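Written below as structure tokens is the structure these notes are about.
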Number of protein chains: 2
Amino acid sequence: MSPASKPPQRRTLTTDKVVAEAMRLADAEGLEGLSMRRLAGALGVTPMSLYNHVAGKEELLDAMVDAVVAQIDSPEIDGDWRAMMRRRALSMREVLMRHRWASIPLISRMTSGAAILRDTNATLGCLVTAGFTYPQADWARNAIDNHVYGYAFQEVNYPVDPEGYKAAASRFLPRIPASEYPFLHEAARQIAEARYDGITRFEFGLDLILDGLEAWKDAE
Amino acid sequence: MSPASKPPQRRTLTTDKVVAEAMRLADAEGLEGLSMRRLAGALGVTPMSLYNHVAGKEELLDAMVDAVVAQIDSPEIDGDWRAMMRRRALSMREVLMRHRWASIPLISRMTSGAAILRDTNATLGCLVTAGFTYPQADWARNAIDNHVYGYAFQEVNYPVDPEGYKAAASRFLPRIPASEYPFLHEAARQIAEARYDGITRFEFGLDLILDGLEAWKDAE
DNA sequence: ACCTGAACACCGTTCAAGT
DNA sequence: ACCTGAACACCGTTCAAGT
């Protein structure tokens, strides 16, 4: 029971450390760079020892997704619903830009960690308190989240900097002959010329949805 | 040069057959059931012979996604934009229900097969012809597609039949104590009770977006 | 031209064994 | 209680060889 009697095992790993290192790996190299074996290597441990702290790779991914959701600014339940939805959406976008691997598992895994439950509860709560019915609140959340996910996903996959943009355009445009795809060709040309306006466009679409929700709510 | 001189090779495989069998496999067992080796087995061939017809698994997935997109009713360029966007969205939903594995790769791969280029060209063309600017048309398509993808994805992952619904709810509700997540708990309860109204909800959200686009278009 | 066998460099995970 | 070595059952893909 004295400190010196501490057993010889390394005692280095915890679930939190495993999840944190997995997120660091995914941040650095993307999801396809994350394997249990590489993760173990990064932690200086054999692959199998990970299974003492996470049940498997699926559960690890769920935990990573939940850790991402934990970072978003959830609505305050008594706050102005529109301001709160706006703040949450902007925060989600920012978090998804920070963890560029997260959009896909966030969309594609039906997971329910503590942070996700908390955020969903707060979001529905804010909308219901503002006067939406439960089904309406459920739909409103879906509409907003679909926008955020879809947009974030695009932003992650398209080149942001002007040079990258130009390069991608010149790599892409030849595949779109004006004779066969006149509208697509012109759209690509205009987009290739425009400067990047990520947040503006994001907020534009977001406000479109919020307008729709407001009208919908008042209409009934 | 006579028919009898036909060489002994089986000559069974073509790219189209490989893609078609891959889709059948994915339809039946999901994307995680689709491996190059299993696909080869289903075609009665060694894994390596597939590489004579597709460059690799990534390209195979791209081809599968394009084959899915080829099935959707693209807009007619001179048609009423709202009716055409509506028809396209309903068709996309239907196709994504038929190929339940397709939502995720359709969202997450930045691919540009012939069918995708064609559909994008037709969609932008219809909107631009109706009076949207190119950037507006681009955004409009994104908004609609995000809705379709997000919704289809949900519909694929949630149980449709009442029994499955009930089972999922009773498996889920205990994880959501009313004390900690009062709003989420009540939402889950109401949703668990409601009968499934997939298409209605889909069209509701779609019309919300189309209303927003119409207002937006008229406003400038 | 198309298909194959053998091999390479990976995976996630189990299980019995160590301390 | 935690970590390990060895093994199992898979992957995608390359390459030289067959016909």
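Chain letters run A, B, ... following the sequence lines, proteins first, then strands; residues in each count from 1. Fair warning: this is a prediction, and the values are worked out from it, not measured in the lab.
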Without placing hydrogens or testing angles, list every side-chain donor-acceptor pair under 3.5 Å for residues 115-122 of chain A, not counting sequence neighbours.
unit_1, atom_1, unit_2, atom_2, d
D119(A), OD1, S74(A), OG, 2.7
D119(A), OD1, R88(A), NE, 3.1
D119(A), OD2, R88(A), NE, 3.2
D119(A), OD2, R88(A), NH2, 2.9
T120(A), OG1, I116(A), O, 2.7
N121(A), OD1, F183(B), N, 2.9
N121(A), OD1, L184(B), N, 2.9

With the side chain of H53(B) defined as its heavy atoms from C-beta on, choose the nearest nucleotide among dC3(C), dC3(D), dA7(D).
-> dC3(C)
For Y51(B) and dA6(C), give me the distance from atom OH to atom P, rounded to whole Å.
-> 18 Å
Given atom CE of M48(A) and atom P of dA16(C), what is their separation to the nearest angstrom?
-> 16 Å
Can you tell me which stems involve DNA chain C, if a stem is defined as three or more consecutive Watson-Crick or G-U wobble pairs, both distances under 3.5 Å?
-> C:4-8 with D:12-16, C:12-16 with D:4-8
Between dA7(D) and dC11(C) - C1' atom distance, rounded Å | 14 Å
Considering only nitrogen or oxygen atoms on both sides, find all protein atoms under 3.5 Å from nucleotides 9-11 of chain C and state each distance.
unit_1, atom_1, unit_2, atom_2, d
dC11(C), OP1, S35(A), OG, 3.3

Not counting sequence neighbours, list each pair that qualifies as a side-chain hydrogen bond (donor to acceptor under 3.5 Å, both in side chains) and has a residue in residues 33-46 of chain A.
-> E29(A)-R38(A)
Output all residues satisfying ring-ring contact (aromatic ring centres under 6.0 Å, His included) with Y51(B), sequence neighbours left out; order by chain, then residue number.
-> none
Starting from P on dA1(D), measure out to CG on N52(A) and report it in whole angstrom.
-> 11 Å
Does OP1 or OP2 of dT4(C) have a side-chain N or O of T46(B) closer than 4.0 Å?
-> yes
Side chains of Q136(A) and L127(A) in contact at under 4.5 Å (non-hydrogen atoms) = no
Close side-chain approach of W101(B) and V68(B), heavy atoms under 4.5 Å | yes
Side-chain N or O of S49(A) closer than 4.0 Å to phosphate OP1/OP2 of dC2(D) = no
Out of curiosity, D62(B) CG to S112(B) OG, how far, rounded to the nearest 0.5 Å?
-> 8.0 Å
Under the side-chain hydrogen bond (donor to acceptor under 3.5 Å, both in side chains) test, residues paired with N142(A) that sit two or more places apart = none
Y149(B) and L96(B): side chain to side chain contact (heavy atoms under 4.5 Å, CB included), yes or no, with the steps?
-> CA-CA 8 Å; Y149(B) 297 152; L96(B) 291 177; 4.2 Å; yes
